[in-house]
2 protein chains.
Amino acid sequence: MAVRLAEVAEAAGVSQATASRVLNGSNRRPAPEVADKVRAAAERLGYVPNAQAQALVRASARLIGLVVHDIADPYFSSIARGAQRGLAGSGIQLMLASTERAAEAEVEAVRSFMSYRTDAILLAGSRGFGDDVLLERLLQAYRGNGGRVAMIGQPLASAGGVQIDNEGSAAALADELLRLGHRRFAVLSGEPELQTASQRAAGFLATLKSAGVMPEVVSQGAFTREGGYRMMVDLLASGVSGEERKLCVFCVNDVMALGALAALREAGLSVPEDVALAGFDDIPTLADQYPTISTVRLPLEEIGRMSVEMMLGNSDASHRVVVEGAVVLRQSTRLS
Amino acid sequence: MAVRLAEVAEAAGVSQATASRVLNGSNRRPAPEVADKVRAAAERLGYVPNAQAQALVRASARLIGLVVHDIADPYFSSIARGAQRGLAGSGIQLMLASTERAAEAEVEAVRSFMSYRTDAILLAGSRGFGDDVLLERLLQAYRGNGGRVAMIGQPLASAGGVQIDNEGSAAALADELLRLGHRRFAVLSGEPELQTASQRAAGFLATLKSAGVMPEVVSQGAFTREGGYRMMVDLLASGVSGEERKLCVFCVNDVMALGALAALREAGLSVPEDVALAGFDDIPTLADQYPTISTVRLPLEEIGRMSVEMMLGNSDASHRVVVEGAVVLRQSTRLS
DNA sequence: ATTAGCGTGGAAAGCGTATTCCCGCTGACT
DNA sequence: AGTCAGCGGGAATACGCTTTCCACGCTAAT
């Protein structure tokens with residue numbers, strides 16, 4: 001269909017081998033005048049190499065796969081952006097899969113990436129395993145065949161990746177909120193099988209406990225804006241907020257906090273006057289919120305960039321980095 | 001490296017041809033007991049087909065390419081999400097390129113997608129052509145080889161895609177704002193070579209003109225949040241807002257409006273009390289803004305979905321759809 | 001009873017490229 | 001002058017798969 005290397009070679013009056021050597025830069029470099037002829041012919045015919053054929057014969061497909069839950073979620077799109085940046089200029093392309101939080105879709109995506117022989121697979125925000133033996137086995141096979149796997153946010157036995165200190169960072173946030181003088185807390189968490197959500201809730205609660213503070217409410221819902229909204233609606237309906245002392249609500253991620261905020265507004269309550277609110281991630285979207293929202297800053301783009309760089313570099317395949325979040329107190333948790 | 005079809009065939013005691021027929025579902029379906037043997041062997045060995053090899057021999061690589069300016073921008077990530085949704089279950093994978101608004105990167109991305117023999121290329125928010133003969137020629141060649149091209153947002157001669165009625169929608173917005181009673185306007189537009197920005201500004205201005213209203217300011221900057229911020233800072237510095245009648249600022253997209261809003265807040269001005277503000281796109285992020293922001297709603301996700309469906313379906317390759325935006329008036333443009 | 005027709009599995013030919021040999025040549029060193 | 005390393009180009013193989021094309025055994029129709 002398209003122009004093949006053989007046609008270029010013929011047009012240039014050289015062999016296919018020579019044309020190949022000129023156009024892809026092997027370690028053997030043909031004579032300058034020959035090279036020019038080949039390049040001219042390629043240009044004239046509009047030759048575009050067939051990456052599939054190259055991948056078949058080369059070791060690498062020059063492809064990297066990124067699995068996210070929802071590319072429209074700022075958390076993931078920031079990571080994706082970082083990944084793209086990390087890839088810039090490397091000649092490696094990104095394949096994207098958005099699982100919509102379905103475990104089967106995640107497995108499907110990984111299988112597909114394996115099928116395309118991607119050099120590496122980045123799993124962002126995956127639920128931990130546990131029951132998901134299938135995925136684990138798949139990745140094991142992938143790594144056995146030379147593929148590299150990076151978990152973003154969650155550690156995976158014997159795989160590299162960027163790990164996030166969810167517990168520690170959430171604990172630090174709780175510390176700061178206590179220091180501000182907050183004493184009444186609610187924690188809105190995500191699905192229990194989501195390690196990210198559980199760890200954040202656990203870290204937060206552990207610090208409260210060691211300070212002798214009992215949370216008023218701990219609820220679990222969806223790890224999404226909608227989930228935050230729902231849980232806040234329920235929280236308000238339960239009447240827990242109408243007390244003398246202000247309630248401080250910790251949502252285990254920012255989009256949930258935004259959902260919760262929407263519910264508060266609909267109920268005619270203001271932040272931070274009536275209720276204090278904190279999130280986690282510091283997604284870019286938060287920059288445009290008013291009141292400004294307290295959160296734990298994660299260098300999301302950096303995390304994406306680091307992940308691909310770890311995959312690209314020929315460092316130890318199971319290299320790991322742990323990222324700490326930075327507590328950022330803003331208006332939404334002001335006490336008075 | 002990985003398990004090959006030949007090994008599966010051998011393990012199952014059949015020929016490679018038979019194994020292939022069983023595992024990928026050709027139009028010839030081997031006998032049930034043979035098929036079971038093959039499937040069992042494939043399962044046991046952990047066979048994953050090599051998509052590169054399949055692509056090489058098949059007509060299609062089962063790949064589709066999406067080019068966006070910035071995947072972290074909600075406008076593009078919404079489109080990407082829609083595209084993913086449209087692809088769901090089709091077995092076709094998405095390759096993503098984020099150009100960071102650089103024309104060379106766009107060309108590079110297209111060339112790369114051509115190299116991977118993607119079945120279609122979706123160009124979202126591309127600057128129109130004009131000077132960009134290179135890109136145009138590239139796409140021409142691609143289409144000549146059976147590739148399909150969809151422009152999202154901008155029409156391309158003889159290519160299909162989803163077109164957005166920027167001018168008409170912006171004109172409708174201006175109409176509504178005039179009807180509300182606004183008379184003093186500022187238009188913050190994007191780079192002049194970006195057709196999307198120019199068309200929106202033009203549609204808006206044309207309606208003002210036919211109503212006999214002269215805009216106070218028309219400025220051009222970056223088509224980004226930062227651009228909106230900068231232009232609003234300049235606008236405020238020029239002192240144009242301190243008049244008896246409220247100024248209504250139209251930003252040609254929502255992220256610019258958010259940037260402008262940030263600048264207003266920093267200057268201690270409120271929306272809509274001191275200045276009215278309107279954007280364009282209705283990105284999901286806008287749902288969490290307070291005050292709520294007037295805009296023109298574009299069904300972004302739907303646009304992404306439609307685009308891939310047009311590419312997938314074997315309808316006329318140059319089929320086009322024009323999407324109208326819906327004016328949504330919210331708090332940010334209230335007059336009193 | 002013979003043959004046309006059909007269904008089923010296998011051998012083999014590519015798909016487009018990188019790369020390994022191989023071969024002829026030149027230039028340098030003995 | 002003879003030999004040999006080194007270099008530059010070409011023929012051919014391999015990458016993993018799909019898909020003709022074939023051969024073969026069976027049923028159904030004349």
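Chain A is the first sequence line, chain B the second, and so forth, proteins listed ahead of strands; every chain is numbered from 1. When reading the values below, keep in mind they use all heavy atoms of this one structure, side chains included, and skip hydrogens, waters and symmetry mates.
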Checklist entry - Out of curiosity, Leu23(B) CG to Glu43(B) CD, how far, rounded to the nearest 0.5 Å? => result 11.0 Å
Item to check | Residue closer to the 5' end of DNA chain C, Val57(B) versus Gly13(B) (nearest nucleotide) | outcome: Gly13(B)
Item to check | Protein-nucleotide distance (Asn145(B), atom CG; dC15(C), atom P), rounded to Å | outcome: 16 Å
Checklist entry - Which of the following nucleotides, dC17(D), dT18(D), dG10(C), is nearest to the side chain of Ser20(B)? => result dT18(D)
Checklist entry - Which part of the nucleic acid does Thr18(B) contact within heavy-atom distance under 4.0 Å: base, sugar-phosphate only, or nothing? => result sugar-phosphate
Next on the checklist: Side chain of Ala17(A), heavy atoms from C-beta onward: which of dC15(C), dG10(D), dC17(D) has the nearest atom to it?
Outcome noted: dG10(D)
Next on the checklist: Under a 3.5 Å cutoff, is there a donor and acceptor pairing between the side chains of Gln93(A) and Ser112(B)?
Outcome noted: yes
Checklist entry - Less than 4.0 Å between a side-chain N and a carboxylate O, is that true for Asp70(A) and Arg85(B)? => result no
Checklist entry - Which part of the nucleic acid, if any, lies within reach of Gln52(B) when heavy atoms closer than 4.0 Å are counted: base, sugar-phosphate only, or nothing? => result nothing
Next on the checklist: Of the options dT18(D), dC17(D), dT19(C), whose atoms approach the side-chain atoms of Tyr47(B) most closely?
Outcome noted: dC17(D)
Next on the checklist: Output the rounded distance in Å from CD (Gln16(B)) to P (dT19(D)).
Outcome noted: 13 Å
Item to check | Side-chain ion pair, Arg305(B) and Glu309(B), N-O less than 4.0 Å | outcome: yes
Next on the checklist: What is the separation between atom CG on Asn24(A) and atom C1' on dT19(C), rounded to the nearest whole Å?
Outcome noted: 10 Å
Detail all sub-3.5 Å separations between protein N/O atoms and N/O atoms belonging to nucleotides 26-28 of chain C.
none

Checklist entry - Taking atom CD of Gln163(A) as the centre, does the number of heavy atoms from other residues, nucleotides or ligands within less than 6.0 Å exceed 12? => result yes
Could you run down the sub-3.5 Å N/O contacts of the protein with nucleotides 22-25 of chain D?
none

Checklist outcome for this item: Taking for Ala31(B) and for Asn50(A) the nucleotide of DNA chain C with the nearest heavy atom, the one nearer the 5' end belongs to Ala31(B)
